[in-house]
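Just below is one structure, and these are the notes that go with it.
Counting starts at 1 for both ligands and their atoms, following the listed order. Keep in mind it's a predicted model, so treat the numbers as computed, not measured.
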Amino acid sequence: MRIVVKIGTSTLAHSTGHLNIRRVEELCTVLSDIKNAGHQVILVSSGAIGMGVGKLGLLQRPTDIPTKQASAAVGQCELMYTYDRLFAMFNHTVGQLLITGDDMENEKRHDNFSNTINRLLELNALPIINENDTVATEEIAIGDNDTLAAMVAQSIRADKLILLSDIDGVFTADPHTVPDAKLIQRIPEINAEVMALAGAAGSKLGTGGMVTKFHAAKICIACGCEMVIANGNHPAALYDILEGKPVGTAFGEEAK
Ligand code: GLU
């Protein structure tokens, strides 16, 4: 199976902006094992800006573009250094791809992108993708990694996209304030009723939240790639998801 896994900043890093070491170690262990079992894995990782903020010792997440971009430049190194070392422990080789909206829209660049990923997979390497935050300003940015991950899943014809988030999935109401809110196991299509859940069930941290996840789901449903939102606190849940067990919220019609 070809799977894209996206991990968000709030899952990767503590609120200090520093790496959540245990979480990232677990994630790299599980992904390495999944690769060893014969699956193709593509990781979309956020966290560049968040980790840059921690490493540069900034007191809070910057709001101006140059400081955000400087933070991303520093944090992206730290991220890749971490992944490179952790995956190397299991003899897996990583490759970094930094992309912007332009690269997805321009046919030639899009072809280059998918050729590179396909070649990396043939070479048994593990592609790790993020938005190129150092140059992507509003006009050319995809803007959030949920959408970026769905675009990647679409362009490389992935079988599954798994968004690891800081929530268990989509709930019938905000689980922080409504104690009997229920986890929705499957959402076959994104309609107005589903969009109305975004406000109630959204995560407060990270760039995305539920609206961008629903946007990603639309892209995936349209191209027949199953998308799952699951809690990234437990990367081992990826095993269950690949076995088709009900974890988190799945999108699209259930495969027969
Ligand atoms: N590309 C951003 C980063 O690495 C994150 C975008 C997102 O969280 O969706 O910091």
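- An N or O contact shorter than 3.5 Å links Asn145 to ligand 1 by distance.
- Ionic pairing of Arg22 and Glu25 is not present here: no N-O contact between side-chain nitrogen and carboxylate oxygen is shorter than 4.0 angstrom.
- Listed by atom number, the atoms of ligand 1 under 4.0 Å from Gly47 heavy atoms are 3 (C), 4 (O), 10 (O).
- Proximity of Asn130 to ligand 1, defined as any heavy-atom pair under 4.0 Å, is confined to the side chain (atoms from C-beta onward).
- Both the sub-6.0 Å distance and the 45° axial angle are satisfied by Arg85 relative to the ring of Tyr81.
- Proximity of Ile49 to ligand 1, defined as any heavy-atom pair under 4.0 Å, is shared by backbone and side chain alike.
- Nearest-residue assignment for atom 3 (C) of ligand 1 (options Asp133, Val44, Thr9; heavy-atom criterion): Asp133.
- Considering backbone and side-chain atoms alike, Gly143 places every N or O at 3.5 Å or more from each N or O of ligand 1.
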TODO: Output, in order, the C-alpha distance, side-chain angles, deciding distance and verdict of side chain to side chain contact (heavy atoms under 4.5 Å, CB included) for Val5 and Ile34.
DONE: CA-CA 11 Å; Val5 176; Ile34 286 173; over 6 Å; no
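- Inclusion of Gly50 in the set of residues having an N or O under 3.5 Å from an N or O of ligand 1 is not warranted.
- Counting the atoms of ligand 1 from 1 in the order shown, those under 4.0 Å from a heavy atom of Asp144 are 9 (O).
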- [ ] Could you go through the side chain to side chain contact (heavy atoms under 4.5 Å, CB included) check for Ile128 and Phe87 one step at a time?
- [x] CA-CA 11 Å; Ile128 301 183; Phe87 282 114; 4.2 Å; yes
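- Listed by first then second residue, pairs satisfying side-chain hydrogen bond (donor to acceptor under 3.5 Å, both in side chains) with a partner in residues 27-40 read Arg2-Gln40, Asp33-Tyr239, Lys35-Asn124, Asn36-His92, not counting sequence neighbours.
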Acceptor/donor pairs from residues 149-157 side chains to any protein atom, 3.5 angstrom cut, sequence neighbours excluded:
{"residue": "Ser155", "atom": "OG", "partner": "Val152", "partner atom": "O", "Å": "3.4"}

